[in-house]
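Since the structure comes first, as structure tokens, the remarks are kept for the end.
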Amino acid sequence: MLSRKGIIPEEYVLTRLAEDPAEPRYRARERRARFVSKKGNCNVAHKNIREQGRFLQDVFTTLVDLKWPHTLLIFTMSFLCSWLLFAMVWWLIAFAHGDLAPVEGAGEPCVTSIHSFSSAFLFSIEVQVTIGFGGRMVTEECPLAILVLIVQNIVGLMINAIMLGCIFMKTAQAHRRAETLIFSKHAVIALRHGRLCFMLRVGDLRKSMIISATIHMQVVRKTTSPEGEVVPLHQVDIPMENGVGGNSIFLVAPLIIYHVIDANSPLYDLAPSDLHHHQDLEIIVILEGVVETTGITTQARTSYLADEILWGQRFVPIVAEEDGRYSVDYSKFGNTIKVPTPLCTARQLDEDRSLLDALTLASARGPLRKRSVAIARAKPKFSISPDSLS
């Protein structure tokens with residue numbers, strides 16, 4: 001109809017009608033699958049586990065690992081089932097003793113005021129949660145009732161201990177504290193002390209410290225051994241450096257952690273042209289320490305793919321001294337700036353140090369050249385004519 005009115009050309013309408021609506025118009029960019037997500041979750045699916053009974057051998061850990069809806073469902077059902085089970089036992093004791101339909105001249109009942117299953121269920125709840133309204137109680141008429149009373153109290157205490165402990169562990173899990181440990185979205189490679197370095201920034205948003213904090217880094221990539229064995233996830237530890245030295249860090253303010261790319265580094269042959277999403281490279285960073293307030297060990301993880309590494313950039317300063325104390329501007333936590341960096345691998349830079357000298361000379365001439373051009377293009381504010389001199 002629009003083509004008839006001349007609003008849309010008829011050729012365009014015919015082209016759009018000829019397209020298959022079921023065929024996607026946009027294709028997602030192919031990217032290497034992550035081993036560890038940016039939030040620290042391991043991207044591993046466990047399939048075809050035959051020995052499922054091993055999970056039941058450690059019931060407490062299995063309950064803690066469950067999701068909250070499943071945990072609350074088990075918490076509720078454990079109490080309901082125990083109440084119903086012992087309610088049935090109390091009803092059977094009353095039925096066997098003839099307490100449900102007492103006759104005149106009958107002896108003392110095993111449990112007073114139990115006349116139906118509903119009253120037995122209420123008595124089961126009173127016994128297990130120790131309410132004791134006073135209307136129902138166990139008498140010394142039946143030793144079996146006294147034994148059941150003891151067993152139900154013990155079972156109730158065990159259920160309380162297991163379920164309350166499970167809920168406490170779920171609320172105090174270590175990864176909750178890791179939510180406030182942050183990493184920079186991108187990592188950078190730039191010169192530091194004349195060497196190419198892989199750098200990232202890490203920080204803690206809370207005032208409570210992480211005691212004995214250590215940081216580790218691994219390179220994960222697919223490799224093939226000389227014998228032809230394919231290792232899909234080959235993990236290689238590489239050392240991290242910081243201002244203190246070693247893997248221990250004092251995480252009071254955000255720190256820039258760096259790794260010197262030397263001959264022992266798996267990044268020794270990494271070039272700027274390799275930093276694309278097709279490159280089989282993932283760098284995993286693990287920060288581990290003890291929470292100061294709870295004493296629980298926590299661990300924060302992240303990873304960087306090849307296209308998340310910026311070559312020739314460095315992080316901007318975010319710590320400044322104001323009013324006698326240091327302040328941190330987290331709005332610039334992941335900001336970077338370009339810096340002069342040789343576009344070659346660390347191996348090529350070690351073999352030819354003249355690349356670094358040429359880069360230093362070019363960076364030194366850059367500001368002088370810009371300044372001289374600006375002076376040459378500047379117009380004079382006044383001029384002196386020959387007539388005025390005479």
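Index from 1, following the sequence.
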[X]: ring-ring contact (aromatic ring centres under 6.0 Å, His included) partners, not counting sequence neighbours:
| X | answer |
| --- | --- |
| F95 | W91 |
| F86 | none |
| F333 | none |

Set of side-chain contact (heavy atoms from CB on, under 4.5 Å) partners for L85, sequence neighbours left out: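 L85: no side-chain contact (heavy atoms from CB on, under 4.5 Å) contacts found.
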
Residues in side-chain contact (heavy atoms from CB on, under 4.5 Å) contact with V328, at least two apart in sequence or another chain: A253, P254, I318, V319, Y330

Selection residues 266-277 - residue pairs positive for salt bridge (Lys or Arg N to Asp or Glu O under 4.0 Å), sequence neighbours left out: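 Residue pairs with at least one partner in residues 266-277: D269-R347.
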
Below 3.5 Å, can you tabulate the donor-acceptor pairs from side chains in residues 159-166 to any protein atom, sequence neighbours excluded?
residue	atom	partner	partner atom	Å
N160	ND2	G156	O	3.2

Residue list, salt bridge (charged side-chain N to carboxylate O under 4.0 Å, His left out) with R221, at least two apart or on another chain: none

Distance, nearest 0.5 Å, that separates CG of L305 from CG of L275: 11.5 Å

For C142, all residues meeting disulfide (SG to SG under 2.5 Å), sequence neighbours excluded: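 Partners of C142 under the disulfide (SG to SG under 2.5 Å) test: C110.
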
Between side-chain atoms of residues 187-194 and protein atoms elsewhere (two or more places apart, or another chain), which donor-acceptor pairs fall under 3.5 Å?
none

Qualifying side chain to side chain donor-acceptor pair (under 3.5 Å) pairs with a residue from residues 66-84, counting only residues at least two apart or across chains: S82-Q128

Hydrophobic cluster (4.5 angstrom, side-chain heavy atoms) - remaining members for V231: none

